[in-house]
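Notes for the one structure printed next.
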Amino acid sequence: MRQFRVSRLIKQINIRNLDGVLVFDPLNIRYITDTTNMQLWNSHNPFRACFVSADGYIILWDYKGLDLLSSFNLLVKECRNSASFFYFANGDKTEMAADNFSKEVVSVLQKHCGKGRRLAVDKIQIHGLRALENSGIIVFDGEELMEKTRSIKGNEEINAMRCAIHACESGINIMRNAVKPGITENDIWSILHSENIKRGGEWIETRLLASGQRTNPWFQECGPRIIQENEILAFDTDLIGCYGICVDISRSWFIGNEKNITSTQKELYTEAYYQIQENTSIIEPGMKFKDLVFGGRPLPEKYNELRYSCKMHGVGLCDEWPLIHYPSDYVEGAFNHELEPGMVLCVEAYIGEEGGLEGIKLEDQVLVTENGHENLTKYKFENSLIN
């Protein structure tokens, strides 16, 4: 898996005629080196960086230059002292720290790229960007490079994703067995956190679990609300699981005696279910992203106002490129590409009426194959809620 990722990145660097890429995003560093170091803290206090040259030489800047978290990976050739030029760490000398780092990068380019100065950079503090450009480096969009590179998964990445999904769904089963009227949303959400950690997972990106009237509109985060009898509970896993793989699936459950399911609850769930089924059915290699936007099952007008933020999106180490909009949100030229084997898409649906009592959230994780697609999500839907 590590070799596949690095080889793919080197190919993409050379396609763009770049001399190398410098990344600060913790997930891009994970992709290249398969290393982690205080991932969430690092996401808002960027002390790590990674350089990959066009011929594949990898340098990792890590805490105090320690290689104890990366020595297992022979693809990483050097481990250097931290790339810290954020204000908390450097105060009023941040600009100086950025200048010193840029000099180090220039030296790296001279050694490994000759006179090359064409460097892609993903996410960098403002003083760092200015310092690189002032040193004569021509900075290109590293975010585009990394998103396109990460979009195609190799066989071992897919195997890792299968493991992560299985682990996540095992946790969901335990959630399902525990949920009952009288406990809080936080009680149920804590189970998924616990089960994810037990199975080698890392963190959960959101708190998207809601019950009853808090399921409409969507995106209310879980809290101390007590779950009631005969209402909907909906959630979106959004978790970073084992091997650092994101598992992004959603389910909605009826909590109570199935005899008390209302016709409205069934109507909402049934529409969400068929949105997932029919929109998944059109996925195949070679399909243009625009055709995904305008193809599949049309969203009924009464649900359009509260539609989900996208119809589909890529997934790997987190939510990734591409984003497939609903027709109402389509921007011509933003995503002029097509599906390729090895891409993985999350097919999304939120169904709720503006001013309605409840809503339904469903989502599956789907692999684009050579001949069509494979739904990697195995967790069942609720037959009692489908008309």
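Note that this is a predicted model, so its numbers are computed, not measured.
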How are the rings of His193 and Trp189 set to each other: parallel, tilted or perpendicular (split at 30° and 60°)?
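Perpendicular.
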
Measure up the Phe289 and Phe335 rings against each other and bin them: parallel (under 30°), tilted (30 to 60°), perpendicular (over 60°).
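It falls in the tilted class, 30° to 60°.
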
Heavy-atom count check: over 12 atoms from other residues, nucleotides or ligands less than 6.0 Å from [X] [atom1]?
| X | atom1 | result |
| --- | --- | --- |
| Glu258 | CD | no |
| His166 | NE2 | no |
| Lys11 | NZ | no |

Identify which one of Thr237, Asp236, Thr377, Asp364 satisfies the side-chain hydrogen bond (donor to acceptor under 3.5 Å, both in side chains) criterion when paired with Arg251.
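Only one option passes, and that is Asp364.
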
With a 4.5 Å heavy-atom cut-off, do [X] and [Y] have their side chains touching?
| X | Y | answer |
| --- | --- | --- |
| Met146 | Asp25 | no |
| Leu132 | Val105 | yes |
| Asp55 | Ile10 | no |
| Ser328 | Arg307 | yes |
| Ile282 | Met287 | yes |
| Leu208 | Phe219 | yes |
| Asn230 | Phe254 | yes |
| Leu22 | Trp61 | yes |

Not counting sequence neighbours, which residues clear side-chain hydrogen bond (donor to acceptor under 3.5 Å, both in side chains) with Ser190? List them please.
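Applying side-chain hydrogen bond (donor to acceptor under 3.5 Å, both in side chains) to Ser190 gives none.
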
Kindly compute the distance separating [atom1] ([X]) from [atom2] ([Y]), expressed to the nearest 0.5 Å.
| X | Y | atom1 | atom2 | value |
| --- | --- | --- | --- | --- |
| Tyr326 | Ser309 | OH | OG | 9.0 Å |
| Glu267 | Thr270 | CD | OG1 | 8.0 Å |
| Phe381 | Asn383 | CZ | CG | 10.0 Å |
| Glu358 | Glu231 | CD | CD | 6.5 Å |
| Asp238 | Thr206 | CG | OG1 | 3.5 Å |
| Glu271 | Leu299 | CD | CG | 7.0 Å |

Please find the pair of heavy atoms, one from [X] and one from [Y], that lie closest to each other, and give the distance.
| X | Y | value |
| --- | --- | --- |
| Asn371 | Pro285 | C-CD, 4.4 Å |
| Gln265 | Ile232 | NE2-CG1, 4.0 Å |
| Thr215 | Gly359 | OG1-N, 2.9 Å |
| Leu192 | Cys168 | CD1-O, 4.3 Å |
| Lys123 | Phe24 | O-CB, 2.9 Å |

Side-chain H-bond candidate by donor/acceptor type, [X] with [Y], under 3.5 Å:
| X | Y | value |
| --- | --- | --- |
| Ser252 | Lys361 | no |
| Gln220 | Arg225 | no |
| Trp41 | Gln39 | no |

Residues two or more places apart in sequence or in another chain: which of them pass ring-ring contact (aromatic ring centres under 6.0 Å, His included) with [X]?
| X | value |
| --- | --- |
| Tyr379 | none |
| Tyr303 | none |
| Tyr269 | none |

Which atom pairs, one a donor and one an acceptor, fall under 3.5 Å between side chains of residues 312-320 and the rest of the protein, sequence neighbours left out?
unit_1: His313; atom_1: NE2; unit_2: Asp248; atom_2: OD2; d: 3.0
unit_1: His313; atom_1: NE2; unit_2: Glu348; atom_2: OE2; d: 3.0
unit_1: Glu320; atom_1: OE1; unit_2: Lys153; atom_2: NZ; d: 3.0
unit_1: Glu320; atom_1: OE2; unit_2: Arg150; atom_2: NE; d: 3.1
unit_1: Glu320; atom_1: OE2; unit_2: Arg150; atom_2: NH2; d: 2.7
unit_1: Glu320; atom_1: OE2; unit_2: Leu317; atom_2: N; d: 2.8

Donor-acceptor under 3.5 Å (Glu205 side chain, Trp203 main chain)
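No, Glu205 side chain to Trp203 backbone: no donor-acceptor pair under 3.5 Å.
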
Does anything in [range] form a side-chain hydrogen bond (donor to acceptor under 3.5 Å, both in side chains)? List the pairs, not counting sequence neighbours.
| range | answer |
| --- | --- |
| residues 106-121 | none |
| residues 91-103 | Tyr87-Asp92 |
| residues 278-292 | Gln275-Asn279, Glu278-Arg297, Lys290-Glu332 |
| residues 176-185 | Arg176-Glu382, Thr184-Asp187, Glu185-Ser211, Glu185-Arg214 |

Begin with the C-alpha distance, continue with both residues' side-chain angles, and end with the deciding distance and a verdict on side chain to side chain contact (heavy atoms under 4.5 Å, CB included) for Leu18 and Leu119.
CA-CA 6 Å; Leu18 298 168; Leu119 183 67; over 6 Å; no

May I have the list of side-chain donor-acceptor pairs in residues 73-85 shorter than 3.5 Å, sequence neighbours left out?
unit_1: Asn73; atom_1: OD1; unit_2: Leu75; atom_2: N; d: 3.0
unit_1: Asn73; atom_1: ND2; unit_2: Thr33; atom_2: O; d: 2.6
unit_1: Lys77; atom_1: NZ; unit_2: Leu74; atom_2: O; d: 3.3
unit_1: Glu78; atom_1: OE1; unit_2: Arg80; atom_2: NE; d: 2.9
unit_1: Glu78; atom_1: OE1; unit_2: Arg80; atom_2: NH2; d: 3.1
unit_1: Glu78; atom_1: OE2; unit_2: Tyr57; atom_2: OH; d: 2.7
unit_1: Arg80; atom_1: NH1; unit_2: Glu104; atom_2: OE2; d: 3.1
unit_1: Asn81; atom_1: OD1; unit_2: Lys64; atom_2: N; d: 3.4
unit_1: Asn81; atom_1: OD1; unit_2: Gly65; atom_2: N; d: 3.3
unit_1: Ser82; atom_1: OG; unit_2: Asp62; atom_2: O; d: 3.1
unit_1: Ser82; atom_1: OG; unit_2: Lys64; atom_2: N; d: 3.2

Can you list the steps and then say if His127 with Phe86 is a side chain to side chain contact (heavy atoms under 4.5 Å, CB included)?
CA-CA 8 Å; His127 288 302; Phe86 55 98; over 6 Å; no

Could you pull out all donor-acceptor pairs under 3.5 Å where a side-chain atom in residues 336-345 meets a protein atom, sequence neighbours excluded?
none

Assess the residue pair Ile58 and Val6 against the criterion (side chain to side chain contact (heavy atoms under 4.5 Å, CB included)); give the C-alpha distance rounded to whole Å, side-chain angles, the decisive distance to 0.1 Å, and a yes or no.
CA-CA 9 Å; Ile58 299 176; Val6 171; 3.9 Å; yes

Distance-only donor-acceptor pairs under 3.5 Å for side chains of residues 240-247, two or more places apart:
none

Stepwise side chain to side chain contact (heavy atoms under 4.5 Å, CB included) test for Arg16 and Glu144:
CA-CA 11 Å; Arg16 291 163 176 76; Glu144 179 271 341; 3.0 Å; yes

